[in-house]
Structure formats: structure tokens, C-alpha cells
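To start, the structure itself, in C-alpha cells.
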Amino acid sequence: MSVQLSRPAATVRVPARARFRAFVDEVVTPSAAGYDRLGAIPPEVLDAVSAAGLWAAVLPRARGGTGTGMVDFGVLHEEVGRGCSSLRSMLTVHSMVLYALDRWGSPSLRERWLEPMVSGQVLGGFCLTEPDAGSDIAALRTTARPSGTGYQIDGLKQWTTGGQCAGLLLTFARTERGISVFLVDGADPGVTRQPVEGMLGTRASMLAHVRFADCRVDADALIGAEGAGLGLAAGVLDIGRYSVACGSVGIIQACLEASVRHAAVRAQGGGPLRQHQLIQQLITKMAVDAQAARLLCEHAGWLKDASDPATLAATCRAKYFASTAAMRAATDAVQIQGASGCGPEADVARYFRDAKVMEIIEGSTQILEMLIADDACQRLGAPMTGGGTI
Amino acid sequence: MMTDEIRTELRQFVERRFAGIELTDDLDIFSLGLANSLFSMELVLFIEQLLKTQVPNQELSLDNFRTIDAMVDLADRLTAADRRQPAELG
């Protein structure tokens, strides 16, 4: 399905981008290195995101969201990603949970959770990955057994972004009819959390391993239909992939800006680095990658706003390109800064560590290569096996 | 939208997605080893876009998307439900 971008999206989006950029430059960027060292986003920053109404960009205005559409959602996540990938990761999972709640949650769940989730009073957590299941969702072992009029959930989830503070947990579990999805109150006594520290990247995203032990939920905690978990995962992960793709564009942009600043003032060989052609080559790659990745993201967002099913494949391509380009840009940004780029205070070192995470979360590079290649072969009449990958 | 139009649109969508597929209306697309969960979500979005309505939770069973016949039946149920109570596309 082809889509014509009939207007220059970058021009149309200037007001939203300027607003998001100003917020990030004022509230997030100045202290992002500190969050990284602290291993947490301070509550006052999370409150500032709430005050700016940025938690609910995934929802239309009619249902309590900001209603700016998915292209602007992408711009927001790019700008936050430019400042702090940890905060962007928390926005990502919150958006995924909010999207699932709004799209598939029962009326009683929406009544209870929509307003606090929209305001950011309650944050969402995405509990899918387990010790023996990640990309292969079908292998997960967490169970949800019938109990009274509801379910009893037991199992261990790992690497849950925001898991230390999330109040509503989108939880994947095995039921009699297959993989199913539940929204679990984070305050349930059957939920315990073990904070994860010392991660390579997105260190401030307050990760936790989350254990469900004899966790009782009502029947209406089930979202979608029992056994529909794989399809729902595809829908929810699509939102996450889109956010990560846009956040990766933000990393590329941050690398570009840091590299240009450094190359302008650092003198070597009789002049500033920016006059050296090999440095110019590295900056050129970043500048072109930033624009290409941004356009892929805008295309995916435009398709989402048009409710076009082609958005799923477009988002895979955007995330694949943007995350791998972010890793390239961060590698080159560290290279340009040399030893100072490897130091404990170097922003580019943080971008480098965060970029690596972008190649893993919400569909690793290798999973996306399988999906994109399958899609291309199938559309061109040379089918390969699809199987159960996400 | 009439049932025949819906059937044609669904067939064209699947044939575009799997070029060269020998598609019959009772062929289980998911039994061919081609389709994955991403495709199942594409089908949900396509039907929602086609009918300008949302597939409700109780209809999200994979069995409703296995064949063109099953999807046409689903579309008929959604259309009938919308006639009774107009829904809004999310």
C-alpha cells in the first residue's frame, strides 16, 4: 500500500516540535546526566511531565488524550529521546499500557484507570519478558488460572521499564486458551518488585523484575479476549516500536548536535576538527541518518493517523533503521570527542550506552530483520515461513 | 458496504500481502506458515478501516480471521451490530 506524503510534515509540525523541544531543553536535558548517575528520574520531573500533559499523547482528545495525533506523538518522543532516553522509555511503556487500556480494557477498567493514567498520577508497566521468554512470546511461563470469578496469576517478569514505580501492569500470562493479557493493580499484595541497577543503558528508567505470586484479579482484568494475547502484543508493541524509533531519532539528533559543537571548538592539526574531511564524513552520516530516520518515523505515524494497517510494517522499518542508525551515530560521536567522549561526564557516552538498548527493546534488530524480510518476500511472491515471531 | 464488496476487498488485501497465493475463500491462511501475529493485527486494522468500526473484544479470536469466509462472517456481524448501535472508530 503506497502513501503519498502530500505536505511537508516537518514544516507542519514546527509548533508542536518547538513546544516539546522547549520543555525538554528546560526540564530534562540539563539534568539528564544526573538521572543517569542516580539511576532514577526524580519525582519532580515526572510531575513536570504530568503538568505539561505529556503522558497521554497516544490518546485522542475525546478520550482524555492530547489529541495531537501519532505524528506529533512521534515528535514528542523524539524530543524527549534527544534529552533523556530513560524518560523516553518510561513514556514508551506508559503509552503502550494506556493504549491497551483504552483500546481493549473493559468499561470498569477504563472507569478506574483511564483518568489517573492520562494525568500521570499512575504510571504503566509492561510485563512481558521472562527468564525464558522475550522475543518468543509463545514460550512464556507465567500462568493465569481460573480462581473464583477471576484469575490467579503466578510468574516472574524481568526488565520491566518503570517497574519500580508502575501502578498498573500490563501482564502477559498463559491461560487455558493460550496467551492472554491482564491489567494488574501494581498495589496488589501478590505483586513484588526487585529493582535492577547498573544497566548498560537507560539507567534511569527504574527497571525492576516483577514477581506475581498468588496474585488474584477480577475477570474484567482480562483485556481483549482470552487467548488473543499474541495479536494484542503485536498492537501494543507497535506503539512501543514507534516510540523507540522516534526516540532513536532523538539520539541521532543529540549526537549530531554534540558532534557539531565539539568539532567547532576542538582544534587539532592547525584548525578546528570540523575542517577535517574525515570528521565531515562522520557528521554527514549523522545528519543524513537523522533526516532519513525522521522521515521513516513520520511515514509510520502518518499511516497510524490514517488507521492504515500498513503502519505495522512501516513501524518495523522505522525502528530498524532508526535504532541501528542511532548506534552508528553514537559510535561516531564518541569517536569525534576522543578520550573526553569516553569520560564519566560525557553525554555522548550516555548516548552510546542508550543507543545499544534501542537495538534490543521492542523488537531486536534480528527479529525485525526476520519480519521485514518476510514481509518483503511475501509481497513479492517469494514466501518464507512466518511462524510465531512478533 | 455489501457482503460481496467486503469479500472482494478482503481477498485483494490478502493477495497483495501474499503475492502468488492461491487463495480460496475457505483457505486457512494461518495454516500455511506464512502469517504471524503482525499479520493478524493488520487484518484487524484493515477490517476496522473497511467497516469504520472497532472489532470488539469478544470477536478477537484468531478463528474469525483464518479464512476469507470467516472474515466475511465477522464483517456481517459487525455491520449488523452497527446498524443496531452506531459505533465510533477509535
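Letters A, B, ... mirror the listed sequences (proteins, then strands); counts begin at 1.
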Contacting region of R177(A) [heavy-atom separation from chain B under 4.5 Å]: neither

With a cut-off of 6.0 Å (strictly less than), are more than 12 heavy atoms of other residues, nucleotides or ligands near CD of E369(A)? yes

Minimum heavy-atom separation for G224(A) to L60(B), with atom names? CA-CD1, 4.0 Å

Minimum heavy-atom separation for P309(A) and F13(B), please, with both atom names. CG-CE1, 4.0 Å

Heavy-atom closest pair (N57(B) atom, A225(A) atom, distance to 0.1 Å) is O-CB, 3.3 Å

M41(B)/D238(A) under side chain to side chain contact (heavy atoms under 4.5 Å, CB included): CA gap, chis, key distance, verdict: CA-CA 10 Å; M41(B) 198 63 208; D238(A) 176 64; over 6 Å; no

Straight-line distance of L38(B) CG to L237(A) CG, nearest 0.5 Å: 9.5 Å

Counting only non-hydrogen atoms closer than 4.5 Å, does D375(A) touch chain B with its backbone (N, CA, C, O), its side chain (CB onward), both, or neither? both

How long is the straight-line distance from CZ of F39(B) back to CG of L312(A), given to the nearest 0.5 Å? 11.5 Å

Rounded to the nearest 0.5 angstrom, the CZ-CZ distance for R379(A) and R16(B) is 8.5 Å

In terms of heavy-atom pairs under 4.5 Å with chain A, the winner among Q58(B), E15(B), E42(B) is E42(B)

May I ask you to check whether over 12 heavy atoms, not counting those of R77(B), lie within 6.0 Å of atom CZ? yes

Rounded distance [0.5 Å steps], OG in S37(B) versus CD1 in I179(A): 11.5 Å

Grab the two heavy atoms, one from L45(B) and one from R103(A), that are nearest each other, plus how far apart they are. CD2-NH1, 4.0 Å

Counting only non-hydrogen atoms closer than 4.5 Å, does L62(B) touch chain A with its backbone (N, CA, C, O), its side chain (CB onward), both, or neither? neither

Over all heavy atoms of both residues, which pair between S40(B) and G231(A) is shortest? Give the atoms and the distance, please. OG-CA, 3.9 Å

Euclidean distance, K52(B) NZ relative to S307(A) OG, rounded to 0.5 Å: 8.0 Å

